[in-house]
Amino acid sequence: MSTTTVVLAATSSEVLNVIAAFVGGLVIAGALVWAVQFGMRVMDRELPHPNPEDHPKMPEGGPVHEMREMREPDEVPQTEGGERLMPYELHHAGSRRGKDQHRKRWLPGSSGSFGSGGLGHT
């Protein structure tokens, strides 16, 4: 085998493609190793995780449950002259506890207003 044949084989595109792929793989592997080391350094600088004693505890009386109550709707006040109300002129809507605490239920025989064309609950 002559020297020219070896030189031609070494410079062929297939060999260069293999070398480029190998070098690219080394670059990617090096970047991944650097990223893991960088992440470990960042984690070492962070505050430690809290101990189990530092977590909130359940109240003595057990878990707190939600309270259901019916609220009265609060009407928006009417303005004179069609002027617009400013937010500071309004008060919190529905902030009063209703006198009737029974939930309104669907009445059998009356249709809902969706899709029926009727008046809804009567």
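Residue indices begin at 1 and follow the sequence shown.
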Any chance NE2 of H49 has more than 12 other-residue heavy atoms, nucleotides or ligands included, within less than 6.0 Å? no

Where do P52 and K57 come nearest, in terms of heavy atoms and distance? O-NZ, 3.3 Å

Step through the shown structure and confirm whether more than 12 heavy atoms of other residues, nucleotides or ligands are within 6.0 Å of CE on M86. yes

Please step through side-chain contact (heavy atoms from CB on, under 4.5 Å) for the pair M70 and H102, ending with a clear verdict. CA-CA 7 Å; M70 301 303 291; H102 296 289; over 6 Å; no

According to ring pair (Phe, Tyr, Trp, His ring centres under 6.0 Å), who are the partners of F38, at least two apart in sequence or on a separate chain? W34

Is the number of heavy atoms from other residues, nucleotides or ligands within 6.0 Å of CZ (R68) greater than 12? no

Tell me, yes or no, whether the heavy-atom count around E83 atom CD, taken from other residues, nucleotides or ligands under 6.0 Å, exceeds 12. no

Could you tell me which residues satisfy salt bridge (Lys or Arg N to Asp or Glu O under 4.0 Å) with R45, sequence neighbours excluded, listed by chain and number? none

